[in-house]
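Naming: A, B, ... by sequence-line order, numbering from 1 per chain.
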Amino acid sequence: MSLEGAIAAHRFGLGARPGEIEAAAAAPRAWLLRQLDSPADQPQPLDGGAPFQPGGVLVSALIQYRKDREAEKAQASAAMPAPDPVKLFFKTFVAAYTREMAARFALGFTSEKPFAERLVWFWSNHFTVSALNPAAITFVGAFEREAIRPNIAGSFEDMLLAVTRHPAMQLYLDNAQSIGPDSLAGKFTGKGINENLGRELMELHTLGVDGGYTQADVIALAKILTGWSIDRDGGPATGFRYYPARHEPGDIVLRGKTYNGGEDAGIAALKDLAHDPATARHIAMKFAVQFIADDPPPASVARLEKNFLQSGGDLRALAETAVNDPAAWKPGRGKMRSPVEYTAAAMRLLGWPRGGDEDKQVKGVMAATRMMGEFPLAAPSPKGWPDNSDAWSGPDALLNRIQWAKELGNRLPQSFDAVAIADAGLGPLLQADTRAAMKSSASPGDAMALLVASPEFQRR
Amino acid sequence: MLDRRSILKTALAAGAMSVWDAPVRFAFASVPTDRRFVVVILRGALDGLAAAPPYGDPDYKSVRGALALDTTGTNALHDLDGHFGLHPALTNMKAMWDAKELVVFQNISSPYRDRSHFDGQNVLETGGTGPHVLGDGWLNRALKPMGLANGDGALAIAASPPLMLSGSGKVSSWMPSVMPQPDAAFLQRVRALYAGDPILGASLDRAIDTEAKADAAMDDKPKTPEQMAQRVGSYGDLTPLFTGAGKLLARDDGPRIAVLDASGWDTHVNEGAGDGQLARRLRALDAGLDAMKTALGPAWKKTAVVMATEFGRTAAPNGNGGTDHGTAGAAFLLGGAVQGGTVRAEWVGLKPSALKDGRDQPPQTDMRVLFKSVLADHMGVSRRDLDGTVFPDSGGVAPAGALFAA
């Protein structure tokens, strides 16, 4: 079976589903790039119920929710206390997040465009918004649907603009409340700017920490972005609104260039940052670490950087450059899978769904993934989840994975050909000693557990 | 006490070849010291002026504005020395102060002078003079001179060790788990597959060893799902982690070094004063410390805990009732081994001219002074090792002295 087909499915994809390596084998690079010809898939509700709501609708819903709670509080008395707002928040917005993440997990298990899905996960993590932030949890699902998925093969500039305007980012990095001190609103309220988005936008999203900016630039970008906020009237579907009365007036100098002009100043600043050579360098390194190695060859990083600059941040061209890089196809030990990648690969290997209570199965995988230390759109900081093998191979992390592999094996039926599944799912990546250990296992479930725990399956 | 024989018996009685018989890791080696050293990394940049308010400073109230803490009433700060206080949520730490087991550091910072969380944490953890100057953690480099680099000596309460404890010295990691117990025979077979892997084999050895100790240390081994959930705790609850650390550290054959992460200090919005967001987080930290002290039992007397953050925050509130990234802040040294009851601060006031860039707490004391003090005077690391390998080229940074009984 084709080694390159197996590498395509595992290193660039999410792990092979039955038949996937054969499908990729004839022309692995074309198989990967074809996945970018149509828009990325959107997760669909597993319960078949109401579709996931747009960010703008959710902004309105959250504003209404707050009004309702205030009204209840005002009407409450000792005899008739108001319902617990925290409980209500969990029942509505937190439950909606969990429902959407279940769909996102399931899409990872079943996607027929696994390279596109990997790119979605990569960019969502690059532009981290986190459900650990109660202000953002309502919007992180919509964020990925609206700002990330439509742009994975588009331009970096478009993605950056969509991301920065999205209610999830506006709330997560506190820009929704940032007010120009000399603006009308600033003079009236005495409130001022919040530096959080201005800083992380340059440090994490574009230039990188060594990309050439100062504390004065952080303040300047924060001022340029004042007025960008969520739509407090719950207006148009995007949930974004520019408030001129909150925008810092006058010339603002960012990295030596003067910006002036309300909302357009912010758009111009983001475009300049998107096309800066430091951004090309920063993105090239992260992309190479994701798809090539923890410590990627400098020549590979240089190729990606050059491509990003020359193409003006064409993300399809960037993906193509990575796919065409010989270093990415080097056989041998790959990187450790992150927990989300690891559990998805196991479910793909088994060809999920294969009957039983699918909802329960997905929830079980979600809980196990969280236990292993990762959960989608819920990173502990704006830097996102780490992307190096060391982060996922610590003693406790590894033991959790092995325990889960065993539990997974215990839940499989009593009779099936585990070695055949291993051959189909890993092809030439399956090691001889793993195959031998599987053959001498007491049950196919045990054999499968060994395979999922094996070094070649821990890695990609 | 761990009864290794009973574990062996159980495993053998189950008919499985026991993983404890494997040439994997066998004896729980004796450790060369009975001193314990715990580092709590406060990720996210703790507001030092909220945690240890200089309420006696003439400019405190005007600079802090709505974030100034009350000195009377239900949410009154705890007075320490008439000038500095502790946040009202830190009641257990106040008790430690009264028992002379707490030293408060103010205007302290790592050598890092910019305001990125991630670079700041990199400097705090590597002990370098700038971000990414060094690739491994200072506490890992200190393991060898302490004789604790064999894997039994140091433990991260985390899925994977943080950078501060990462490097060539062997360490383990552990978290309270709700996963079912590993099956020894299965682990043995997986271990065989990991034989040729440069990372996974050694990592699994450490895991098996630590898990066995943790099982023996936890007298309240969870049986029902409810008990398991309790052991892991709810989100934001630090006591399960601190309790686990304390119980493992308390063991004769347990680790001597532990690192814990406590995040959630990045209070850009609605920080709150005596009550609110930051107060809740500080209360969780304070409860965690008390739980660890209880779990340590008599070993508390041999223990020093350092709590440090990557940098402080702006002295004045920002536009959203929060604070933005700053420079220096507060750090804490506590434990039964500490000679405490003092505040170490080169205090220069809160006037704009005294603040760094007119906004941040000024960096007056190098964080490495605190780290070196514990390593030298509590853990017995020589100045030569401290200035040479642990904190390379740091001869100009001397331990503080008088933080531990001679």
Side-chain angles (χ1 to χ4, degrees), chain A residues 132 135 173-174 177-179 181 186 189-196 199 203-204 209-210 214-215 218 333 336 367-368 371-373 380-383 386 389-400 402-407 409 431 433-434 437 441 446 449-450 453-456 458-459, chain B residues 43-44 114-119 131-132 156-161 166 171-175 177-183 186-187 189-190 192-211 232 235 261 263-264 266 268-269 317-322 324-325 357:
Chain A
L132 294 188
L173 291 179
D174 306 320
Q177 316 176 51
S178 185
I179 294 174
T189 63
K191 289 186 173 174
I193 59 161
N194 189 303
E195 296 173 10
N196 211 4
R199 177 185 312 282
E203 176 179 338
L204 300 174
V209 69
D210 299 320
T214 62
Q215 173 61 29
V218 169
R333 266 181 212 106
M336 282 292 282
M371 206 67 202
M372 294 175 202
S381 87
K383 196 175 183 181
S389 295
D390 283 350
W392 305 120
S393 58
D396 189 69
L398 187 58
L399 195 59
N400 276 334
I402 297 169
Q403 288 170 333
W404 181 72
K406 186 72 173 73
E407 286 299 303
Q431 298 296 302
D433 54 349
T434 303
S441 288
D446 255 22
L450 272 179
S454 72
E456 58 267 41
Q458 298 283 358
R459 297 169 178 276
Chain B
R43 287 184 203 277
D114 293 312
R115 296 182 181 90
S116 151
H117 286 300
F118 318 110
D119 277 2
H132 308 288
I157 306 297
S160 296
S166 297
V171 303
S172 195
S173 70
W174 176 85
M175 288 269 273
S177 171
V178 296
M179 291 265 191
Q181 288 302 301
D183 155 352
F186 179 71
L187 277 184
R189 300 183 70 200
V190 174
L193 296 179
Y194 288 1
D197 192 286
I199 303 178
L200 300 181
S203 188
L204 181 54
D205 289 349
R206 298 260 68 77
I208 291 169
D209 189 19
T210 307
E211 194 64 29
V232 176
Y235 177 70
D261 270 345
S263 59
D266 197 16
H268 285 279
V269 176
N318 63 13
N320 310 132
D324 288 321
H325 300 183
D357 302 335

Novice: Which region of A:Gln458, side chain (C-beta onward) or backbone (N, CA, C, O), has a non-hydrogen atom less than 4.5 Å from a non-hydrogen atom of chain B, or is it both or neither?
Specialist: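 The side chain, not the backbone.
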Novice: Which one of B:Asn318, B:Asp114, B:Asp119 has the most heavy-atom pairs closer than 4.5 Å to chain A?
Specialist: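 Heavy-atom pairs under 4.5 Å are most numerous for B:Asp119.
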Novice: A:Ala391 versus chain B, heavy atoms under 4.5 Å apart: side chain, backbone, both or neither?
Specialist: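 For A:Ala391, backbone heavy atoms alone lie under 4.5 Å from chain B.
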Novice: Do you know which of B:Gly321, B:Ala159, B:Ala207 has the most heavy-atom pairs with chain A at a distance under 4.5 angstrom?
Specialist: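 So the answer, after comparing B:Gly321, B:Ala159, B:Ala207, is B:Ala159.
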Novice: By a 4.5 Å heavy-atom criterion (distance strictly below it), what part of B:Asp324 contacts chain A: side chain, backbone, both, or neither?
Specialist: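 Contact with chain A is through the side chain of B:Asp324 alone.
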Novice: Among B:Ala202, B:Pro198, B:Gly264, which residue has the highest count of heavy-atom pairs closer than 4.5 Å to chain A?
Specialist: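 Of the options given, most contacts go to B:Pro198.
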Novice: Quick one: which of B:Ala192, B:Gly196, B:Pro131, B:Pro161 has the most heavy-atom pairs under 4.5 Å with chain A, could you say?
Specialist: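 Highest number of pairs under 4.5 Å: B:Gly196.
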Novice: Spell out, as yes or no, whether a donor-acceptor pair under 3.5 Å connects the side chain of B:Ser203 to the backbone of A:Ser393.
Specialist: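 The answer is yes, because a donor-acceptor pair under 3.5 Å joins these two groups.
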Novice: When rounded to the nearest 0.5 angstrom, what distance separates CG in A:Asp396 from CG in A:Asn400?
Specialist: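 The CG atom of A:Asn400 is 5.0 Å from CG of A:Asp396, to the nearest 0.5 Å.
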Novice: Below 4.5 Å from any heavy atom of chain B, which atoms of A:Glu203 appear? Answer side chain, backbone, both or neither.
Specialist: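 Answer is side chain: those atoms of A:Glu203 sit under 4.5 Å from chain B.
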Novice: At a 4.5 Å cut-off on heavy atoms, which part of A:Ala449 comes close to chain B: side chain, backbone, both, or neither?
Specialist: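 Both backbone and side chain.
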Novice: Using 0.5 Å steps for rounding, measure from the CD atom of B:Glu211 to the CE atom of B:Met175.
Specialist: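 Between B:Glu211 CD and B:Met175 CE, I get 12.0 Å after rounding to 0.5 Å.
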Novice: Please determine, among A:Met336, A:Glu195, A:Gln431, the option with the most heavy-atom pairs under 4.5 Å with chain B.
Specialist: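 The answer is A:Glu195.
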Novice: Pick from B:Ala158, B:Ser160, B:Gly201: which one has the most heavy-atom pairs with chain A under 4.5 Å?
Specialist: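 Heavy-atom pair counts peak at B:Ser160.
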Novice: Under 4.5 Å heavy-atom distance to chain A, tell me which part of B:Ala156 shows up: side chain, backbone, both or neither.
Specialist: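 Contact with chain A is absent: no heavy atom of B:Ala156 under 4.5 Å.
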Novice: Using a distance-only test with no angle check, is there a side-chain donor-acceptor pair under 3.5 angstrom linking A:Arg459 and A:Ser389?
Specialist: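 Checked: A:Arg459/A:Ser389 side chains show no N/O donor-acceptor pair below 3.5 Å.
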Novice: Is a donor from one side chain sitting under 3.5 angstrom from an acceptor on the other, for A:Glu456 and A:Thr434?
Specialist: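 There is such a pair between these side chains.
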Novice: Side chains of A:Asn196 and B:His268: is there a donor and an acceptor less than 3.5 Å apart?
Specialist: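 Checked: A:Asn196/B:His268 side chains pair up, N/O donor to acceptor below 3.5 Å.
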Novice: Against chain B, work out which of A:Ala135, A:Pro382, A:Ser441 has the most heavy-atom pairs shorter than 4.5 Å and name it.
Specialist: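 Maximum pair count with chain B is reached by A:Ser441.
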Novice: Quick check for you: to the nearest 0.5 Å, what is the distance between B:Leu204 atom CG and A:Ile402 atom CD1?
Specialist: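 Output value for this atom pair is 4.5 Å.
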Novice: With a 4.5 Å cut-off on heavy-atom pairs, point out which of A:Asp210, A:Thr214, A:Leu204 contacts chain B the most.
Specialist: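 Between A:Asp210, A:Thr214, A:Leu204, the count favours A:Leu204.
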Novice: Using a cut-off of under 4.5 Å for heavy-atom pairs, which of A:Asp433, A:Ile179, A:Asn194, A:Asp446 has the most such pairs with chain B?
Specialist: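 Between A:Asp433, A:Ile179, A:Asn194, A:Asp446, the count favours A:Asn194.
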Novice: Please round to the nearest 0.5 Å and tell me the distance separating atom CD1 of A:Ile193 and atom CG of A:Asp174.
Specialist: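 These two atoms lie 12.0 Å from each other.
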Novice: Examine whether an atom of A:Pro455 lies under 4.5 Å from a heavy atom of chain B, and if so say whether it belongs to the side chain, the backbone or both; otherwise answer neither.
Specialist: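 Its backbone and side chain both get close to chain B.
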Novice: Can you give me the closest heavy-atom contact between B:His117 and B:Gly44, atom names plus distance?
Specialist: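 Scanning both residues, the minimum pair turns out to be CE1-O, 3.2 Å.
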Novice: Supply the atom-to-atom distance B:Arg189 CZ to A:Ser454 OG, rounded to the nearest 0.5 angstrom.
Specialist: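 Spacing of CZ (B:Arg189) from OG (A:Ser454) equals 12.5 Å.
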